[in-house]
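Presented below is the structure to which this report refers.
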Amino acid sequence: MSTRFAQYLEHEKEVELADIAKRLTAPGKGILAADESVSTCGRRLQDINVENTEENRRRYRELLFSTDSELSENISGVILFDETAKQSDSSGASFIKLLEKKGIIPGIKVDKGIVPLAGTWNECTTTGLDGLKERCEEYKSLGIHFAKWRCVLKITKFTPSYQAMFENANVLARYASICQQAGLVPIVEPEVLPDGDHDLETSRRVTEEVLAFQYKALADHHVYLEGTLLKPNMVTPGQQYSGPTTSPEQCALATVQALNRTVPAAVAGVVFLSGGQSEESATINLNAINNVPLRRPWALTFSYGRALQASVLAAWQGKEENIKDAQRELIKRAKANGEASLGKYKGGVEGAARGKNLFVKDHAY
Ligand code: 13P
């Protein structure tokens with residue numbers, strides 16, 4: 001393919017995107033993923049016996065976003081869901097403005113969910129390209145500066161297939177290119193699910209292959225890498241693996257090796273998903289990753305959903321009188337992960353979720 005006919009971004013747009021990506025991965029900071037769809041948010045609320053109504057979802061998000069501005073010491077950005085991006089707090093201030101005032105950058109999930117990939121053994125791709133350009137332009141005008149799109153790859157004896165790796169890498173690259181043209185930094189999320197009984201080595205090999213497809217596709221679509229973030233899984237054995245225990249140091253080494261072999265140094269940062277690890281494991285593994293004695297040219301930090309919210313939900317239980325306690329849980333976890341992103345977490349910060357395993361089979365977001 002000749003690059004001579006490609007349409008590249010204007011220089012000013014590149015500068016703007018690189019600046020947003022840099023602020024999102026500033027030292028000691030990471031991202032809060034609060035972009036659960038209506039049904040996923042419903043499952044979280046159901047766990048604490050709160051009904052899944054629009055008002056209850058709004059109340060929960062208000063709890064998160066009205067946390068003391070101390071939160072912004074460790075949270076650089078928040079990923080919203082479309083419904084949330086248009087909601088306001090009880091005083092009428094939009095959530096976007098509320099976050100901006102705290103110095104937290106609002107982001108948004110722009111994919112429309114996982115669908116089956118025909119002709120494969122139960123593999124999938126992600127929809128949402130139709131109308132994406134217009135949605136991105138609207139979000140940018142509302143004050144949103146980054147986006148997320150999640151693709152899912154599955155480890156079984158015969159998967160991920162070439163077809164699934166190719167298709168998911170390509171759709172993520174098309175999404176990334178559209179976002180950048182609208183001035184949004186794309187978070188590229190090709191998640192290799194933790195479901196399965198595979199060992200660490202298999203997880204590393206598959207993650208490497210998936211990332212190799214990903215960066216070839218991003219190059220093919222002329223995506224400006226300095227204005228992107230990668231959101232990968234950490235390399236861990238499968239959830240049903242029954243072999244000897246794997247240490248955080250072993251997972252961290254395998255993770256950094258996989259990244260070093262596939263992710264260009266130009267990429268602004270890597271923001272891991274928590275993928276069903278308990279809050280404390282997600283923090284300890286991130287800390288170990290930031291202590292691996294290998295070259296690490298990118299910021300390595302967090303973009304956690306479950307591992308930042310489990311204790312908040314457990315403390316809240318839907319009750320007004322518990323809001324302050326729940327917000328303290330959020331600050332506590334954000335601080336712990338902020339330290340881990342610098343490799344300085346000492347361990348032992350327990351939350352109201354008490355080390356609960358957050359794994360969800362075949363997780364949808
Ligand atoms: P978890 O941290 O709960 O895996 O989710 C992060 C996310 O944004 C998945 O798309």
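Each ligand, and each atom within it, is numbered from 1 in the order the structure gives. Because the structure is predicted, anything quoted here is derived from the model rather than measured. Scope of the values below: all heavy atoms of this structure, side chains included, with no hydrogens, waters or symmetry mates.
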What is the closest protein heavy atom to [atom], and at what distance does it sit?
atom	value
atom 1 (P) of ligand 1	Ser274 OG, 3.3 Å
atom 4 (O) of ligand 1	Gly275 N, 2.7 Å
atom 9 (C) of ligand 1	Glu189 OE2, 3.2 Å

Open item on the list: Please verify the inter-ring angle class for Trp316 with Tyr60; under 30° counts as parallel, over 60° as perpendicular, anything in between as tilted.
Closed with: parallel
Side-chain ion pair, [X] and [Y], N-O less than 4.0 Å:
X	Y	answer
Glu138	Arg135	no
Lys13	Glu16	no
Asp47	Arg44	no

Task: Aromatic contact, Tyr241 with His198 (centres under 6.0 Å) - done: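 That pair fails the under 6.0 Å test.
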Open item on the list: Are Phe302 and Phe272 an aromatic pair, judged by ring center distance below 6.0 Å?
Closed with: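 Phe272 vs Phe302: aromatic centres not under 6.0 Å.
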- [ ] Could you see which bit of Glu191 sits under 4.0 Å from ligand 1, with heavy atoms only: side chain, backbone, both or neither?
- [x]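 No part of Glu191 is near ligand 1 at this cut-off.
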TODO: Mind checking whether Ala33 contacts ligand 1 via backbone (N, CA, C, O), side chain (CB onward), both or neither, at a 4.0 Å heavy-atom cut-off?
DONE: side chain
Task: Sub-4.0 Å heavy-atom contact, Lys148 with ligand 1 - done: yes
Counting only nitrogen or oxygen atoms and a 3.5 angstrom limit, does [X] reach ligand 1?
X	answer
Arg306	yes
Ser303	no
Gly305	yes

Open item on the list: salt bridge (charged side-chain N to carboxylate O under 4.0 Å, His left out), that's the test. Do Glu36 and Arg61 meet it? Break it down for me.
Closed with: CA-CA 11 Å; Glu36 296 84 1; Arg61 265 66 184 250; 3.0 Å; yes
Open item on the list: So if I count the atoms of ligand 1 from 1 in the order they appear, which ones are less than 4.0 Å from some heavy atom of Tyr304?
Closed with: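 The atoms of ligand 1 under 4.0 Å from a heavy atom of Tyr304 are 2 (O).
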Task: Side-chain (Arg296) to main-chain (Val292) donor-acceptor, under 3.5 angstrom - done: yes
Open item on the list: Can you check which of Gln309, Lys231, His363, Glu36 brings a heavy atom nearest to atom 7 (C) of ligand 1?
Closed with: Lys231
